[in-house]
Amino acid sequence: MIEILSPVELERAQDAGALVGRILQTVRDRCRVGTNLLEIDRWTKELIDDAGAVSCYVDYAPSFGSGPFGHYICTSVNDAVLHGLPRDYALADGDLLTLDLAVSLHRIVADSAVSFVVGQDAHPEDLAMIDATERALAAGIAAARPGAKVGDLSHAIGAVLTDAGYSVNTQFGGHGVGSTMHQDPHIANAGRPGRGYTLRPGLLLAIEPWVMADTDELVTDADGWTLRSATGARTAHSEHTVAITDDGARILTLRP
Ligand code: MG
Ligand code: MG
């Protein structure tokens with residue numbers, strides 16, 4: 001299903017996006033060496049509840065997970081890259097943490113993810129990997145305008161990741177957003193330009209490049225949710241929800 005939002009729904013989407021950006025920034029600012037992933041989950045629940053929003057994750061039970069997820073945010077550390085199930089783990093100096101959050105506010109969903117290094121002991125290669133996903137996200141957003149094809153976004157994202165030396169997994173990627181979290185079109189993080197669905201004003205897209213340092217192969221953790229690099233290599237992930245407008249893509253999930 002592909003939803004095209006009305007102007008009123010787009011205004012609600014702005015509010016949902018702003019809330020997701022604000023929660024991610026708040027939680028990120030609170031993360032310290034020693035912060036427990038379950039604490040992050042608790043903070044997120046409180047912030048969602050305070051805003052009168054609804055978690056897209058807590059009851060989420062897709063075919064690929066051993067659902068329901070039962071938590072409010074994805075916390076993926078080091079070799080974990082997607083769907084990181086919060087667990088009893090205290091962050092260490094130099095850990096590479098990805099926070100991924102989707103909430104529904106007034107029945108419109110926004111979805112965003114950010115990777116960062118906790119503490120002072122950042123590996124330069126981790127910072128380079130985060131930077132590559134952020135540049136790929138910017139390239140995908142720049143390519144997202146009315147009349148563009150989904151393949152144009154995939155190509156723009158994949159070119160940045162490939163040029164930076166990463167191999168790209170196309171199994172999980174970006175997606176349409178609207179009244180539910182995951183909708184068509186799927187936006188693979190590599191692909192050929194000129195192919196696929198044509199973008200129209202009113203479309204909401206979650207664009208989300210992610211990479212693993214030396215592989216494109218994933219393994220599922222024993223928790224049934226967390227996806228890790230098959231080699232144990234570290235990983236990064238950047239995501240924004242954007243609205244396609246007559247003037248191009250507007251980022252809804254900017255962090256304050
Ligand atoms: Mg997400
Ligand atoms: Mg997403």
Side-chain angles (χ1 to χ4, degrees), residues 1-3 13 16-25 27-28 37 40-41 44 47-48 53-65 67-69 71-77 80-86 96-105 108-116 130 133-134 136-138 140-141 144 150 153-154 157 161 168-190 197 203-212 218 225-228 235-244 249 251-255:
M1 181 183 70
I2 291 177
E3 284 180 4
L19 175 63
V20 166
R22 195 164 69 239
I23 293 176
L24 278 180
Q25 188 63 45
V27 170
R28 175 183 178 159
L37 301 182
I40 294 174
D41 191 53
T44 306
L47 291 161
I48 292 171
V54 176
S55 167
C56 296
Y57 292 165
V58 69
D59 296 323
Y60 188 53
S63 56
F64 57 80
F69 190 70
H71 291 274
Y72 295 84
I73 190 167
C74 294
T75 54
S76 302
V77 181
V81 63
L82 298 173
H83 312 154
L85 188 71
L96 198 170
L97 175 63
T98 299
L99 302 174
D100 191 347
L101 177 68
V103 303
S104 177
L105 184 65
I108 301 287
V109 173
D111 182 6
S112 182
V114 61
S115 288
F116 57 97
I130 293 167
T133 63
E134 289 177 347
L137 175 56
I141 292 169
V150 165
L153 277 66
S154 296
I157 293 165
L161 299 178
V168 180
N169 174 305
T170 53
Q171 189 186 357
F172 293 95
H175 50 93
V177 191
S179 57
T180 59
M181 175 167 55
H182 287 137
Q183 304 187 355
D184 291 330
H186 173 68
I187 306 167
N189 285 327
Y197 181 78
L203 186 65
L204 283 197
L205 297 175
I207 303 175
E208 49 180 315
W210 58 276
V211 292
M212 305 178 279
L218 291 165
W225 280 101
T226 306
L227 296 177
R228 299 180 182 278
T235 68
H237 178 199
S238 299
E239 177 179 27
H240 275 308
T241 295
V242 305
I244 306 302
I251 304 174
L252 302 183
T253 45
L254 285 174
R255 292 181 291 277

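For ligands, and for the atoms within them, numbers begin at 1 and follow the listed sequence.
Ser238 and Thr133 share a side-chain donor-acceptor pair at under 3.5 Å. Residues His240 and Thr253 bring a donor and an acceptor atom of their side chains to less than 3.5 Å of each other.
Counting all heavy atoms, side chain and backbone alike, Tyr72 lies closest to Asp41 at N-OD1, 2.6 Å.
Among the atoms of His182, no N, O or S atom falls under 2.8 Å of the Mg ion (ligand 2).
Formation of a donor-acceptor pair under 3.5 Å by the Thr241 side chain with backbone atoms of Asp111 is found in this model.
For an aromatic pair to be called close, the ring centres must be under 6.0 Å apart, and Phe69 with Tyr60 fails this.
With respect to the Mg ion (ligand 2), Glu208 has OE2 as its nearest N, O or S atom. Within Asp100, the N, O or S atom lying nearest to the Mg ion (ligand 1) carries the name OD1. As for Asp111, its N/O/S atom nearest the Mg ion (ligand 2) is the one called OD2. When the N, O or S atoms of Glu239 are ranked by distance to the Mg ion (ligand 2), OE2 comes first.
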